[in-house]
Amino acid sequence: MRRERSGLGPDWHVGGELAARYAAGTAAESDAWSLEKHVEACGACAAVVSSAVRAGPETGPLLASIRAAVLERAVPEPRESVVARAYAGDPEAHESAASPAYADTATAARTGAAPGTGIGPGIGTSTGAGTTGVPPRLSRAARVVWAAGPALRGAWLVALVVVALGAVALSYGAGLGASVRPLLLVTAPVLPLAGVALSYGLHADPLYEIATSTPSGGLRLLLTRATAVLAVSVPALTLAGAVLPVASGGPGAAAWLLPGLALTLAALALGSFVGGRRGAAAVAAAWLAFVVAPATAGGPAGAALMAGASPYFAGPAVQSGWAAGAVACALLLAARRRSFDHLETT
C-alpha cells in the first residue's frame with residue numbers, strides 16, 4: 001500500500017501490487033479486509049482495483065463473458081424495429097419507442113453504463129433499499145437484527161419463543177410441574193443447531209453469493225451469525241428453565257449450555273466438510289439417537305425422564321467432557337476455516 005500524508009494525518013491508499021494480489025485472490029485476509037473497506041469511500045482506489053481485476057488473466061475474461069451474457073439478455077430489440085412497428089400502427093410499440101426508459105436502456109446497452117445513471121460500466125447509484133435490501137428508514141436496532149442473519153427474521157425465532165413459553169405453560173398451566181425441566185434440557189441444545197443451519201448457506205441466505213465473495217464473508221460471517229443465534233437462544237432457554245419447578249437431584253437450568261455449545265461447534269466443524277445444513281442435521285440426528293432416545297426410554301415425563309437425562313448433564317465430569325468436546329471442535333473449525341471461503345453447491 002502506498003502511504004500519503006495530509007493535513008488530517010497519515011492516510012493510505014491501494015497500490016498496484018496489492019490490487020493485483022487482491023484480484024488474484026492471494027492477498028492476506030487482513031489486507032483484503034482493509035482494501036474492501038477502503039474502496040467504499042475512495043473512488044481512486046476503487047478504480048485501481050477495478051482495473052487490476054479486469055486485467056487479471058482469469059478474472060478479466062470471466063467478467064467480460066458475464067457482461068456479454070447480461071447485455072445479450074438485457075438489450076431489447078433494436079429501436080429501429082420498434083419505431084417501424086409504431087409507424088405501422090402498433091400502439092404498444094409506439095408507447096415503447098416514446099418511453100424515456102427505453103431510450104435509457106438502449107443507451108446503457110451501447111455504452112455499458114448502468115440504466116438511470118450517466119456514468120460508466122459497472123457503476124450505479126444506490127437505491128432506496130441500499131445494497132442489502134434493507135429499507136433506509138429502519139432503525140439501527142432493526143438493521144442489526146437484519147444483518148444478524150435469516151434465522152432471527154424467520155420461523156426459527158418463532159419456534160424458539162414457542163418452546164420457551166410452551167415449557168412454562170406446560171409446567172404451570174398443564175400441571176406437569178418439575179417433569180418439564182428435563183424435557184427442556186434434552187430439547188434446548190438442538191435449537192441453536194437449527195438457527196445456525198438457517199443462518200448461512202446457499203439455501204438459507206438470498207445474499208449468500210455476494211456475502212461469501214467479500215473478505216468479511218466465509219467463516220467470519222458464519223461465526224457472527226452463529227453468535228447472534230446463541231445470544232438469543234441462550235438467555236431465552238436458560239431463563240425458561242430457571243422459572244420451571246426444580247426436581248430433586250436434577251440438573252440445573254444452565255446445564256445444557258456446554259452441551260449446546262459443543263453441538264453447535266460440532267455442526268460448524270462438520271459443515272466444513274459436508275455443508276452447513278447437512279452438518280447440523282447429522283449432529284441433531286446423533287443427539288436424538290444417542291441422548292434423547294436413551295433419556296426418554298423410561299418414559300417421557302416424571303422421575304423416569306429426569307433419571308434418564310441426568311447422566312448427560314449432571315456432574316463436573318460430564319460437563320468437563322462437553323467442554324473438552326467444544327474445544328476440540330473449535331480447533332478443528334479453526335483448521336478448516338479456509339473451506340468456508342468456497343461457495344456451497346448443494
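Numbering starts at 1 and runs along the sequence shown. Predicted model only: the values in this text are computed from it and were never measured.
Side chain of Arg54 to main chain of Gly60: no donor-acceptor pair is present (N/O by atom type, distance under 3.5 Å, no hydrogens or angles). In this structure a side-chain-to-backbone donor-acceptor pair under 3.5 Å is present from Ser233 to Val229. A donor-acceptor contact shorter than 3.5 Å links the side chain of Gln319 to the backbone of Ala255. Between the Arg278 side chain and the Gly271 main chain, no donor and acceptor come within less than 3.5 Å of each other. Side chain of Thr238 to main chain of Pro235: no donor-acceptor pair is present (N/O by atom type, distance under 3.5 Å, no hydrogens or angles). Without hydrogens or angle criteria, Arg67 side chain to Ala64 main chain gives no donor-acceptor distance under 3.5 Å.
Trp287 and Trp322 have tilted rings, their planes meeting at an angle from 30° to 60° on a 0 to 90° scale.
Closest non-hydrogen pair, Arg181 versus Gly241, comes out as NH2-O, 2.6 Å. Considering all non-hydrogen atoms of both residues, Ala226 and Val196 come closest at CB-CG2, 4.0 Å. Taking both residues in full, the closest heavy atoms of Ser272 and Ser339 are given as CB-OG, 3.2 Å, listed atom of the first, atom of the second, then distance. The two atoms that bring His38 and Trp12 nearest to each other are CE1-O, 3.2 Å, heavy atoms only. Across every non-hydrogen atom of Ala197 and Arg277, the tightest pair is O-CG, 4.1 Å. Contact record, Val292 with Thr296: O-OG1, 2.8 Å, taken as the closest heavy-atom pair.
The structure places CG of Leu185 at 5.0 Å from CZ of Phe313, a figure rounded to the nearest 0.5 Å. Taken to the nearest 0.5 Å, the CG atom of Leu63 stands 8.0 Å off from the OG atom of Ser50. To the nearest 0.5 angstrom, Leu263 atom CG is 8.5 Å from Cys329 atom SG. We find the CD-CG distance between Glu40 and Leu35 to be 10.5 Å, quoted to the nearest 0.5 Å. Rounding to the nearest 0.5 Å places OG1 of Thr264 at 11.5 Å from CG of Leu333. In this structure, CG in Leu244 is found 6.0 Å from CG in Leu184, a value given to the nearest 0.5 Å.
Side-chain polar atoms of Thr224 and Arg220 form no donor-acceptor pair below 3.5 angstrom. Side-chain contact, Arg225 with Ser199: no donor N or O sits under 3.5 Å from an acceptor N or O.
Here the side chains of Pro192 and Trp256 are in contact, with some heavy-atom distance below 4.5 Å.
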Pair Phe340-Leu222, side-chain contact (heavy atoms from CB on, under 4.5 Å): steps then yes or no: CA-CA 9 Å; Phe340 294 95; Leu222 176 58; 3.4 Å; yes

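At a threshold of 4.5 Å between side-chain heavy atoms, the hydrophobic network of Ile, Leu, Val, Met, Phe, Trp and Tyr places Leu193 and Phe290 in two separate groups. Transitive grouping of hydrophobic side chains (ILVMFWY, heavy atoms separated by less than 4.5 Å) keeps Val327 and Val283 in distinct clusters. Note on Leu331: it does not cluster hydrophobically with Leu223, by side-chain heavy-atom contacts below 4.5 Å among ILVMFWY residues.
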Could you list the donor-acceptor pairs under 3.5 angstrom formed between side-chain atoms of residues 162-178 and any protein atom two or more places apart in sequence or on another chain?
unit_1: Ser171; atom_1: OG; unit_2: Gly177; atom_2: O; d: 3.0
unit_1: Tyr172; atom_1: OH; unit_2: Val243; atom_2: O; d: 2.4

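Among Leu160, Val161, Leu237, the one residue that satisfies the side chain to side chain contact (heavy atoms under 4.5 Å, CB included) test with Val232 is Leu160.
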